[in-house]
Structures are given as structure tokens and as C-alpha cells.
Amino acid sequence: MSEGNHGNQGKLSKERPPQEGGSRRRFIGLATAGALAVSGGALGLMAAVFFKPRVTYGPPPKFRVGKPASFTSGSEIAYQKQAVLVRREGNRFAAISTKCTHLGCTVNATDIGFLCPCHGSTYDRRGSNVSGPAPSPLLWFQLSLAPNGDLVVDKDKKVDPGTYLEIQA
Amino acid sequence: MQNLPHVDETRGKSILHRIWYSIFRSTPLPATALDRSQAVANNFFLHIHSAKVGERTLRFKTTLGLGLMTFFTFIILVVTGILLMFYYVPTPEQAYDRMLDLRSAVFFGSFLRNLHRWSAHAMVLLALLHMMRVFLTGSHKAPREFNWVLGVVLLLLTLFMSFTGYLLPWDQLAYWAIVVGTAIAGYAPFVGDEVRFIMLGDTQVGSEALLRFYVLHVAVLPAVLVLLIGWHFWRIRKDGGLARPREALAASAAASIPVPVPVPEPKDGDEPRNKDEPKDGDEPKDGDEDGGDGSKEKK
Amino acid sequence: MQIRIAIIVIALVLVGVVAAIGLRTTSEQWHGYQQRYYKLAAQRTDNPAVKKAVRSAKLEIKQDIVKDFGKLRVDRCRTCHTAIDDPNFKTDSQPLRTHSAMHPHPFNEFGCTICHEGNGRGLTTADAHGTSHFWPEPLLVKPYIESSCVRCHSAPYPKGTPHLQRGERLFVQYTCVGCHTIQNVSRGKLGAELTDVGNRLKLKTIHAKIIDPKADVALSIMPTFTMPEVDRIDLVVYLKSRRGRAIIEDPISYRRHNKKWLATAAPEIPVNQTAGQNAFDRRGCLSCHKVAGTDGKLAPELTWLGRLRRADYVAEHLRDPRGHTPGSSMPTFYMSRSEREAIALYGQSLQQVSVPSQPAEQYKLLCVRCHGAKGDGKGLIAHNLVPRPRIFTNDRFFNWLPEQRAHTAIREGIAGTAMPPFKSILSMDQAKALFAHVRSEFIRKARPIRKSKRVIEPAPYGYSSAASSRGKGVFLKRCYGCHGRLGDGRGPNAPAMVPRPRNLRNHGFFARLTDARLYESIKYGIVGTGMPPWDMLTRNQRWDLIYFVRLLSKTGPAVKKGGQ
Amino acid sequence: MSKIETPDFERLPVNPDKTYGLMCVVPTRTEAVTIETEKQVLSWPEGLLRYLLVFLALFVVLSIISLVFNAPLEEPANALHPPNPAKAPWYFLGLQEMVSYSAFWGGVGIPTLLVLLAIAAPYLESKPGGEGVWFHSCRSAANWTFLTIMGTLGVLTLIGTLFRGKNWDFILPW
């Protein structure tokens, strides 16, 4: 298609047009481009952050599980909806994910650790993967204490396995 | 492959060069008249535009830039509209709450909604002013009659677009404007009640109407608008660019209606024929009042 | 070159505008509150675990999503009110203040807006508190917050709701029950239904509608009650609490309850004076009427009711006030026959009146409440009476009116209107003296109107339905503009007329009127009113009209014969 | 192709496989839209720079408006309580004003006629002359007709926007 008109193109002047104030023009051009890039970039950045929701409507990642005293020592309470297990050992508390690291099934807590019903992965009590296809240990989430004394699980914050929150109850 | 110029030019050059020329087919900052013409002609968005325009066409007084501005508001509306769609749910239960969310919880949401809303008003206003400009400069007359008709249709679509968008926040303003608006449609002779029923999908304004207006607003009407805007622009070239005063034209035969003339002998300073528009003759002097869809390619 | 300079200028402006947009977008009101809270909370707590948690907390929107109570609530109130569950902020000012401990509703289960209303999704003060003109549920503050308890706690209302409980009593006290229906509470049919008024109207609107019912709806028939502001506030609390079915009530038991309530008969009471007086007090009659020192300032004085009306009149009036006296503002209360009779009996005991000897004093005592101190018909309660009291300053009318008819009106009253018969209070001479006083005081121009000789052509034929339907034809041609198509005195011209055209359906009034007077009024008109002399009608047409009026007012032979 | 003298292909070498040009399809004559009478400039950069300027100006103005004025959001839709007055968007208030006189003529009849008239305008105004000139004297009749119609609509819109209050009664906006 583009060849049809080659005929005339040779006639166009190939010289650069005479520049009036070349360096000034270049400066203005650069400054304009800079200003536009800055504003465009800023708008683009804000539009990008726009996509990240600041609130969600599903189960909140940060939730309260009640007063520490409501957990008896040695108890393990599973929160099905949030797929988290809260364990109390003495005065130490931990929140362990019950989501299998293999393909996301909910694991069952047992005396000796966690068992995944889907593909038979097993974890020990600390959540380390022992056998089966699970590639990594279960996640541990950060536990903290709200000002009114409630325990708060924050699924957005992961902690190293074995990290307990110690509360002088 | 044929030995296209850029292929030759970029042979042995860096990969960046090659990528650039594979996309744009012209130099990044064209400085010569030839390169500049090429930049326009070889670009998907710009090629609808002629490589050269009359000086008069670019003068502000000629058009007041109104058509161009109408088009730009449309671009702004498309961009902000697409962004807003990410947080909007067209159901009566959620629509209003989503507006509240845009106002509070969504980062940048408030500004985008404001911009969308005010741009919509601006587009209607600018389209009306553009129409007045065209009429008052006699630019709707032959041979540009059909483009005027396209323009009228575009104006109606713009109004309808704005009207369908009006319902989406599902607030009192929206709800009653639609109730009244569709009731007016119900007065159309013979088919009024049917038209109203089909518009609303129900006997009264409710979830069906919201869904229908939403689909019209975000899919059907924009698609039709884009198509017609493209046609509108293309017609500007086809009709010989902006209307010019007769005094400015040669007194000879070729006044405003395309007439066959003998192929003139090429002279110095002749323009390259635009590749897509071989019929345009040797001198594409059709200015382009609205063909600015290339702005995004500009810088 | 100019164009390039223009572009760079506008590009620089754009940078500024984008900076402003960025600033506006990234700076939010709640950031400051949360920062201050975290700082103070870390200082105030002794618990190291809490201290650590607070120190590492980051700015975030905190929201509670509650689905359990009716509609979905998304409450982001804790974003600013971060300290509501922190016991260390009891004495701080809002927004960082501990929530009062009185309520046993955990906010993460109940949310905030279920009690406080406001816009839970808002994140600025104006937005969240719903102070904008457009938000239907602005934040509820004390004492109005009591109204929210009723969302779940139906009667008997929980502790800590004194305003609500008082408001419920006031709703009866001010006879609101007479006009307004609230399902399972009241059965009034004159006013708007208020079963879910709390969902429909803002506090401000309810408040304004009680202060001045005509402010919003110009033709509202609701009277303006005089009540202290404390009463009004409690009434508003009560009305705001009316939200239809409570959340805890399931639809089936609600309907069952409602059906049972609808079928409940009005309570019977013993027909004696004491029971009548109790009912009279309980029903709030004095919120409109006046008895001795207590005055509702809306309805006629009943201090000497027993001297004016007989018990059967009162009982009948109570049964159907608007049927009995057309246009009466008094609503029909849901009462048993025995209660009506007991109240009527109590009414007979209201005899106390000491008539002063001076006509001027008599006028003050007996007439001012309706006819006004200046005789201009603008007495205290005049605007609640239909038809309105006569305007004594209308000298044309009173110069035309035969003196003797005025005396009769005072002595016998005017049936079908609020004008009572004073014959047991005023003797004929007193009545004459009183009217003489009225004449000298208000009827300035003693300019007798020349009366032509009145000729009352006798009826050429008696009543027949054909005659009355011919009369209807004449009526619809000549009379409907003032008297209205239905003959109820509400024609299109009526609002501008003083006095208003007569309601031709007023049975009581027309039952007393002779055909001859009707004929005279039609033929010669009534001077000083909008009724012109209808000279152009023929005798037969006039009689047809009379028969039609008899039909309308159900005072004709047709009714007696059991016709139409 | 044969009529056009072979140009200098230094920069754009001709494709040796190419044996025809589109122009050859048109025998001996071609069409020219107009004859060049005015000075031409390259659309890159002269045109595009102006477009950029217009776009930036428009964007800046709209951004400032969006920054200063929040988009309206009234009460949630409530089918039981029409606001008083219930107004359409401003560009339909002229229509609403007409509708308040007659629903059919104001809402359907006149608008349809106006649209048809607009579409027919260039065909009705068939006499050439006055193109491209603001308010050309030879078109004054057409211009005045147009301005009268637009002005009437504008006045109706203004009345509907500013001078109508509760119950669609006349009010003064100040």
C-alpha cells in the first residue's frame, strides 16, 4: 500500500527548516516535556493506586478473637471462616494459618500436627511440612493486643514460625 | 519483506532503533518536512489527518477549537469512565453505596468522579457550541451536508450518553430525572408506551432500567460514538477540509464541489500524496478541524 | 514560538493543578486523628503488648461490616473514632473518646449507624455525620438516640429511654392518635400514617412539621399545637422511633400481632360521670378544647358545655364529628359507645358559667374565642372552624341581615356549624343587648341596604327526582364555580372568597332552613357575601335548584321517602 | 505512474516488485478537491502543537472545576418522595420547561421537529455562499433563524434552571 505514492516524496525538502533560536526552543521543548511527564506521571501513579482497594468487603484480614483469658491454656481454637488457628500455650499465644501451602485446602488440627484432607500433606505442631506434596510450612500470623485487651489477628502480617505473643495474664 | 526505508536505515543499528521503527515507521522527533509528513502519514492515529493544513484552518478564530475540545472531553470521559467502572456495580442496592465509597474509601475516586461528571456536562455544552459555530460559519452547506447530519446524530448521542449516565448514581436527582425523561418518551405517538417499556425493561424505573442504562452508557453508546466520530473526522477530509470563504478560493471552476481537473504537472514544493487518500489530488490542502486524535502520539 | 510558550505556560499550570489534586487526594481528615490516637494511646497504656501494637499500627480505614440487622451496614466510624474501645480515653473530647459503657452492644457485631445513624461510609465529618442537606439519616444525638432502641426493643422500652417513654404518652396526650395511624398503636384516619415515619423523615423535618404543619404542605389540615419545646422534643424522639416492624420481629408474628390488634374492640367503660371524666382526661380533649383554666387553644370552650348541648348531641358528635358537623377539624377517636356516652355525661356536668351583666363582658366571655376581640372573625380558634365565624365588620352583610335572625342565631345557634345555642345562658333581652353591642362596636356603617319587596314565588310542583336532576343541570352551569362540583363549598373560586361559599351537603344547616329562605337567597342573593342575586333564572329553575340542594344535603322529601 | 517523472529515490528506493500505482486506475484525469489558494503548513508540528495546547487548556480547566466543585450526589433514590422540584439535567430543562405546558408537544413534537429541521438544514439552505465566514451577510436570514431557535431554547433552559422552584412555580433565583 505504502509504495503507491513514492513518486512524489523525493520532491520534499530534506533540509531542516531554518531554526529560530534553536537552543531556546530546545529548552522550552525539554521543559514542556518534563512538565507533562511529571503531571502525567503523577496522575498515572494516582490512577494506579486507585486500583488498590483501601477497604474490602470479604472477611477482614484483621480480626479480633476476644480476650486472652477466654482461651484456656493448651487450647487450639480454629476460626474456619478466616482459616486461622489460635493456640495458647501457657501465657504464649500464636495464630497459625490452616491453609495448606500446597493448594489451599483447609488443614485439620490433630494431636500430632496438621493433616491436609486433599492431598495428604502433613505438618507437625509447629506447622513445618513433614510429608506429602506441601512445599513449605504453614504460615504464622502476627498477634497483637488491642487497647481494650482483645487479641487481634492480622493476616496481612506474617511472622516467623515459632513466634509467640507473650501476655502476662 | 520489501525494502522499506526504515529497514534499510536501521540495519545494523541498535535493537532500540529497530523496535522503534518496527512500531512507528518514522523518526522520533522528525525535523525535516519529509520526516514530518511521514510521521503524520505513517501513524495509525494521525494518518486520518493530512500532512499539511491550511494556515487559516489552524487559526483559533476559524473554529474556536470547539470540535476538538468536544472530542477531547470524550477522551477524558472514556478514560475516567473506564476507571470508575472498576468500582461501580449497577444494582439499586449497591449503586449509591458505591458512589459513597468513591467519595470516601476509594483513593483518587472523588476526583475521577468529579472529572467524569463535569466533563460530561462540558461535552454537551461544547458539542452545542460546536454546532453553533458550524452553522454560523455556513460550514454545514454543500458539500458538507452529510457531515452536518452526522454531527446532529452525534449531538443526540452525546445527550443520550449523558442522560444514561445520569441514572447510574441512583440518587434522587438521577431517579427522578429518568422517571420524567422516560415519561416524556412515553408521549411519542403510537409507540410511546412500548418505547418506554423497552427502555426501562419494566413498567417503572428499577433495577432493570439501571442495568439497561448502564449497558447503553458503558458499551453500546460509546462504541457507536467512536464509530461515528471516526466517520465524522474522515468526512472532514473527504469534504475538502474546513469550509473556506469563496473569496479565498480560486475564482475558477473548482469552487467547493470536487470537480475533475487535469492532473497538474508536478511542481516544486508539491506534497506527497497521502497514501490512503489517492483521490485527494496532488495538493492535500484539506485542513482538519477535528482530526486531533493524534494528540496522544504527539509527545 | 508563541504556541510553544503558551504550551509550556499551561504545562506548568498543569503541574500546579496536579500537585493540588495530589495534595487533596492524599491528605485526609482521619490521618490526623489516627496519628494523635496512636501517640496518646502508647503513652497512656501500661501493657507492653498493647504499647507495642499501638506503636506499630499504621494509618488505615477501619470498618465494621454488619449484615445481621436489616440492611447491610458498612461503618467506617472507627477510622476517626479510634478510641471508642480504649478505656484510657474516657475524658477526651471527640473524636477520640471512649464510648459510654452503658450499651452492651459490641461495635464489631452491631456497627455504629444502627444506633447513631449518619453515613457509615463517610470519612469526613460532614459526610459521615450526614450533616449535608442530602443525607436522609443525620447523626442522632442525645436525646434523639433513644429512638434507635426501638429498632430492636419494642415496647416496653428498655431502661434509659425516658424521652421515648414520655413521647409515647404525649402522642396520646396531644390527641395525635385521633388523626394518625401507627400500626399497633393508633387508628386515626385524618392525617398521614406514621407507622414508619422514622424511616421516612429526618428529625428536623418531623420537628418542623409539628411546629408549623403548614410550612411544608400549605393546605395541611393539621392544627398548630401549642406545646412546650420539651414536649415537642420527646414527641419527635417517639416519632423518630417509629420504623415499622422492628428488626427482631419476624414478618409472620408481626402480621399476626397486627391482625389481632386490628380486631381489638375499643375498651368499654362504665357509663358514669367519673369514668367519663377519666376518659376525657386520658383522651387529651384539653389539648384542643378549653375547660376553665386549661386551654388547648384549638377548639371551642367546653367549660359550660352542659348549658349548651345535650348529652345525645355530644355523644353523636364524638361518634362522627365530621359527619355531624361537616368540616369539623375534630377527628374520630376509636371509642366504644359506652366511652362516648360517659364523656357526654361528663360534659353535662360542665355547667359553670357566671354571665356578666355587661354585653361587652358577655362578648369577651362567649364570643371572642371565635369571632375575635375586634369582631373580625379571627378569634383564637377561628381557623379551625368550618364554616368560619361570621365577620362582624362585614357591615354590608349585617345591615342586610334581619335583626331578628341575628337574635335567633344567638339564642338557637346555627345548626351544622360551631355556633352553639346560648339560650340557656342568655335571655332574649340579653341576646338583643349583646347583638346591639356587636352592632355598635363593630358594624360601623349604619347604612341600611334598601330592600326591595321580596316575592317568594310558590313551588309550581313538588320534589321529584326529575326536578332535582334538572336542578343539577342548572347547578353545574351556574353554581359549581363557588360551591364546587360536589356542592361541598370547595369550588375553584372558593379559596379566595370571604366568607367561604356554603357547603350544600351540610345536613344540619339545611335541615333548619326553609324552602322560602333558600328561594330568597337564590333569587335575591346574600348581600355582603359572594352569593349574587340570580335574576336570570326562572322560577322553575330556582325550585329545581332547591330540590337539588335538598338532595345534596339529604334534607328533602326524597330522603324521607327513602329515595336516593 | 508513467505521467509522473521518476523522482529521486535516494531516500525511499522504489520497490522493484511494484508494477503499478493506484493512480493508474484513474484514466488521464484525477479529482482535485480545491485549488490551492492559501498558505499551507505542516500539520506536524504546527497543527499538533495547537491540538496539544487545546487539550492541556481543557484538561486544566476541567481539573480545576473538579477540584473545587464536587459532583452532586443527592439522597438515595426514593420512589415514594419526589424532590420538589424534580429537575432534569440542565440541558433538558428547556425540554422540561416546554413539557410543563404540553407533554406531547414539548417532549416529543417540538424536539422531533427541531431535530428534523436541523438534519434538513443544509439541504434546505441550498444556495451556495457564505461558507467559512462568521455571520456572512448573504446568510443572515438563515443565521437569524438559527440563532432565534437556539436563543429560544437557551432562554427556556435558563427559565427552567434558574426561575423554577417548588411545584414548578416561577421564582427569582436571587
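So you know, we letter chains A, B, ... as the sequences are listed, proteins then strands, and number each from 1. Because only heavy atoms are used, hydrogens play no part in the values below, and waters and symmetry mates are left out as well, while side chains stay in.
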Side chain to side chain contact (heavy atoms under 4.5 Å, CB included) evaluation trace for D:L147 with B:M132
CA-CA 8 Å; D:L147 280 177; B:M132 291 182 74; 3.9 Å; yes
Hydrogens and angles aside, do D:E125 and B:H140 bring a side-chain donor and acceptor to less than 3.5 Å of each other?
yes
For B:D171 and D:E75, indicate whether the former's side chain and the latter's backbone hold a donor-acceptor pair under 3.5 Å.
no
Answer yes when D:E131 and B:R244 have at least one side-chain N-carboxylate O distance shorter than 4.0 Å, and no when they do not.
no
For D:N70 against B:S110, the heavy-atom pair lying closest together
OD1-OG, 3.9 Å
Looking only at heavy atoms and a cut-off of under 4.5 Å, which of B:A177, B:S119, B:G65 has the most pairs with chain D?
B:S119
Cation-pi check for D:F69 against B:R117: NZ or CZ below 6.0 Å from the six-membered ring centre and within 45 degrees of the axis, yes or no?
no
Does any heavy atom of chain D fall under 4.5 Å from the side chain of B:S162, the backbone, both, or neither of them?
both
When B:W170, B:F60, B:Y166 are compared by non-hydrogen pairs under 4.5 Å with chain D, the top option:
B:Y166
Neighbour count >12 (heavy atoms, 6.0 Å) for atom CH2, D:W105:
no
A side-chain contact here means heavy atoms from C-beta on lying under 4.5 Å apart; do D:L67 and B:N114 qualify?
no
Nearest heavy-atom contact between B:A39 and D:W44 is CB-CE3, 3.7 Å
Structural part of D:F135 lying under 4.5 Å from a heavy atom of chain B
both
Pairs of heavy atoms under 4.5 Å with chain B: top-ranked of D:G47, D:A79, D:A142:
D:A79
Honestly, the part of D:L58 sitting under 4.5 Å from a heavy atom of chain B is side chain
Plane angle bin for B:H121 and D:W90 - parallel if under 30°, tilted between 30 and 60°, otherwise perpendicular
tilted
Side-chain heavy-atom pair D:V54, B:M69 within 4.5 angstrom cut-off:
yes
Between D:F104 and B:Y187, does the ring centroid distance fall short of 6.0 Å?
no
Do B:R36 and D:P45 touch side chain to side chain, with heavy atoms closer than 4.5 Å?
yes
Under the 3.5 angstrom rule, does the side chain of D:S66 hit a backbone N or O of B:F111 as a donor-acceptor pair?
no
Name the option with the most non-hydrogen atom pairs under 4.5 Å to chain D; the candidates are B:P189, B:A174, B:A183.
B:P189
Could you check which of D:V115, D:L95, D:V61, D:L62 has the highest count of heavy-atom pairs closer than 4.5 Å to chain B?
D:L62
Within the supplied structure, the quantity of interest is the number of heavy atoms (other residues, nucleotides, ligands) at a distance under 6.0 Å from D:W144 CH2; does it exceed 12?
no
Proximal component of B:L210, with respect to chain D [non-hydrogen, under 4.5 Å]
neither
Could you state the interatomic distance from CG (B:L136) to NE2 (D:H136), rounded to the nearest 0.5 Å?
13.5 Å
Chain B interface, residue from D:R50, D:R139, D:M150 that has the most non-hydrogen pairs under 4.5 Å
D:R139
Are D:L73 and B:R103 packed together at the side-chain level, in the sense that at least one heavy-atom pair is separated by less than 4.5 angstrom?
yes
Honestly, the part of B:L125 sitting under 4.5 Å from a heavy atom of chain D is both
Taking every heavy-atom pair that is under 4.5 Å apart, which of B:L100, B:T137, B:T62 has the most such pairs with chain D?
B:T137
Picking from D:P82, D:S126, D:A118, which has the most non-hydrogen pairs under 4.5 angstrom with chain B?
D:P82
So which heavy atom on B:L115 is nearest to which on D:F59, and how close?
CD2-CE1, 4.0 Å
Under 4.5 Å heavy-atom distance to chain B, tell me which part of D:V99 shows up: side chain, backbone, both or neither.
side chain
Among B:S139, B:A188, B:P92, which residue forms the greatest number of heavy-atom pairs with chain D at distances under 4.5 Å?
B:A188
Measure B:L173 against the heavy atoms of chain D and call it side chain, backbone, both or neither at under 4.5 Å.
both
Quick check: B:F163 with D:F92 (ring centres under 6.0 Å apart)?
yes
Report the option among D:A88, D:G107, D:S63 that has the most heavy-atom pairs separated by less than 4.5 Å from atoms of chain B.
D:S63
Heavy-atom proximity to chain B below 4.5 Å, by part of D:P72:
both
For D:P83 and B:Q172, work out which heavy atoms get closest and say how close.
CD-NE2, 3.9 Å
Mark yes or no for whether B:K141, through its side chain, and D:G129, through its backbone, hold a donor-acceptor pair below 3.5 Å.
yes
Of the listed residues (D:A121, D:P111, D:A86), which shares the most heavy-atom pairs with chain B below a 4.5 Å separation?
D:A121
Among side-chain atoms of D:Y51 and B:H49, is any donor-acceptor pair under 3.5 angstrom?
yes
Does the side chain of D:L42 reach to within under 4.5 Å of the side chain of B:V53, using non-hydrogen atoms?
no
For the interface with chain D, which of B:I178, B:V124, B:L126 has the highest count of heavy-atom pairs at distances below 4.5 Å?
B:V124
Indicate yes or no for a side-chain donor-acceptor contact from B:W148 to the backbone of D:A120 under 3.5 Å, with no hydrogens or angles considered.
no
Enter the distance from D:L52:CG to B:F72:CZ here, rounded to the nearest 0.5 Å.
8.0 Å
Minimum heavy-atom separation for B:Y175 to D:A77, with atom names?
CB-CB, 3.6 Å
Taking every heavy atom of B:W176 against every heavy atom of D:H81, the minimum-distance pair comes out as NE1-O, 3.6 Å
